[in-house]
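The first residue of the sequence shown is numbered 1, and numbering continues consecutively from there.
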Amino acid sequence: MIDLEIPLKERTKSYRFFEMLPAILSYGSIILLFVLSFISPILAAVYLLLVIVTIIVKAVGIASHTIGGRRRLDRAQGIDWAKRLRQLEDPAASYARIEPRDSDEFGFRQHQENLRLVSAAPDMFPKPSSLYNAVIIAAYNEAYEVIDPTLQTVINASYDRKRLIVVLAYEERGGEAMKATAERLKEKYGHLFHSFHLVEHPKDMPNEVIGKGGNITHAGRYLKGWLPEQGIAYEDVIVTTLDSDNRPHKTYFDYVTYEYIVHENRKHLSYQPVSLFLNNIWDAPAPMRVVATGNSFWNIISSMRPHTLRNFASHSQPMDALVEMDFWSTRTIVEDGHQYWRSYFYFGGNYAVTPLSVPIYQDAVLSESYVKTLKAQFIQLRRWAYGASDVPYVATHIFSNERNVPLLGAIGRLVRLIDGHVTLASVSILVAFGGWVPLLVNIDASRSVAAHQLPEVISIVQRVAMLGLLITIFLSFKMLPPRPERYKRRRSIGMLLQWILMPVTAIVYASASAFTSQTLLFLGKYLDKFDVTEKATRESVVRAKQAKVDRDAARK
């Protein structure tokens, strides 16, 4: 049987090589520009122009996917997924009476075809009334004010609450305050669902890094024992993992249940909503708003490219598949993205992520102070960039005598994985500063027309990129939640002016966090602790500041 686990300590030479590869390529892409500049400014110009052309091609695709994805998101949110789910209860009758006038609805023709196929072979498709949704909410030491809105959102979902199994998975490391918060939430909401469970993840478990993966896996194993006691089959349960600040769209559970039913290969699929970091966007500082909006748009873009879509943050997967795989990895701090590769190799390549075009709203980074917020943002992005640790995992599974996936398809996935991490680290630096390198490195470059034209060419590219930025700005304003009454109209002006920080956040945050993670992997200094991004609300920040004032006053 294939080994799905990440090595904890001992790494083979090949594993170490592939751990080092992202850093070698990222640093190498920049060093290469200096070397070529020293040899010949023309070679440096050709190299940089190739990079720029690649960026332009990608930018065109990104702009197109951004517009298309935003439109798809709008249309999908307007669908009554609960109604479509009810129609699957009696697909033959629903197919007979469905009206063509609805044909302009999002996915209507596919829905009509689904009804026909399900009614033709009813034994192959479960009925909605036989299914349950289990929701695992991972918590560490978050305040009541952070988790409570998440549960409120689950309660307000259009899905039948009595078919929702809620598990609040909290860490023993969170202390007595976290335990008290969990018990308070169960007392308030426990009677509203099919069942509500508190599962405490013990600290210092063997063969685990300190992270979310161990917490939600512990909760999953709890469900593994509890479900048979209730007479509920694993294949009748869809499991969704949520962070404590995640607020799924009201139709999410109907939508994911619908997609689970209509796919015959449902066990080999996971389901990925669009993560939008908008919960507290009006309260977050300007740099964090830019980063959060950029991440939101990247998730919209990813939803338009199913062949490259990977698990990210909150997602859903069938319980029977999770039981067979022993749930998520407990040995990585990026268990969400790693789950794609874990599932891909477990199912021998017969695995895919199905996009769900509705959002799960998450928080932008916000802490007690401006400085703490800036630091927390970098730590969050560094953790995401640590997904480069999947490169050796994937490569050693592919280039193995025990490979169980198609070679060419797997290599294509590996190349995209490496390219994504190298691009994240190096491209913004090459574009921002690369045009001046030949002039600074090679004294003969002053006589080279190509070297002198490079800064001008890059300036043109940057102006072209402004078009993409304008699209982003326009769509970001359309996505914003209503401005809170506590903010005046001038706050909206700040939402516009914030975009001048885009080049800064690209280099200081995106590029620097990627280089940091890749450098740690190169040196064999592994991140073995999930640095929790502080989940704060405006109310909790105000309360924390007041508490500090009170403590200072008491000392005096």
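Counting only residues at least two apart or in different chains, ring pair (Phe, Tyr, Trp, His ring centres under 6.0 Å) contacts with residues 284-312 comprise Phe312-Trp384. Within the structure, side chain to side chain donor-acceptor pair (under 3.5 Å) pairs that include any residue of residues 172-187 comprise Arg173-Asp204 (at least two apart or interchain). For residues 152-166, the set of pairs meeting the salt bridge (Lys or Arg N to Asp or Glu O under 4.0 Å) definition, not counting sequence neighbours, is empty. Among pairs with a residue in residues 289-312, none fulfils salt bridge (Lys or Arg N to Asp or Glu O under 4.0 Å), at least two apart in sequence or across chains.
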- Task: Applying salt bridge (charged side-chain N to carboxylate O under 4.0 Å, His left out), run through Arg84 and Asp254 and close with a yes or a no.
- Result: CA-CA 8 Å; Arg84 289 190 178 183; Asp254 294 296; over 6 Å; no
- Query: Ile6 and Tyr526: side chain to side chain contact (heavy atoms under 4.5 Å, CB included), yes or no, with the steps?
  - Reply: CA-CA 12 Å; Ile6 297 171; Tyr526 307 112; over 6 Å; no
- Message: Would Lys267 and Glu324 count as a salt bridge (charged side-chain N to carboxylate O under 4.0 Å, His left out) here? Give the steps.
- Response: CA-CA 11 Å; Lys267 185 177 178 180; Glu324 290 183 21; 2.2 Å; yes
- Run the salt bridge (charged side-chain N to carboxylate O under 4.0 Å, His left out) check on Asp74 and Arg70 step by step: do they pass? CA-CA 6 Å; Asp74 284 340; Arg70 185 68 185 86; 2.3 Å; yes
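Side chain of Thr373 to backbone of Ser367: a donor-acceptor contact under 3.5 angstrom is found.
A search for side-chain contact (heavy atoms from CB on, under 4.5 Å) contacts involving Tyr95 returns Gln112, Leu115, Arg116, not counting sequence neighbours. Scored by the side-chain contact (heavy atoms from CB on, under 4.5 Å) test, Val167 finds Ile136, His197, Val199, Ala219, Leu223 as partners (sequence neighbours excluded).
Taking the six-membered ring for Trp and the full ring otherwise, the centers of His191 and Phe196 sit at least 6.0 Å from each other.
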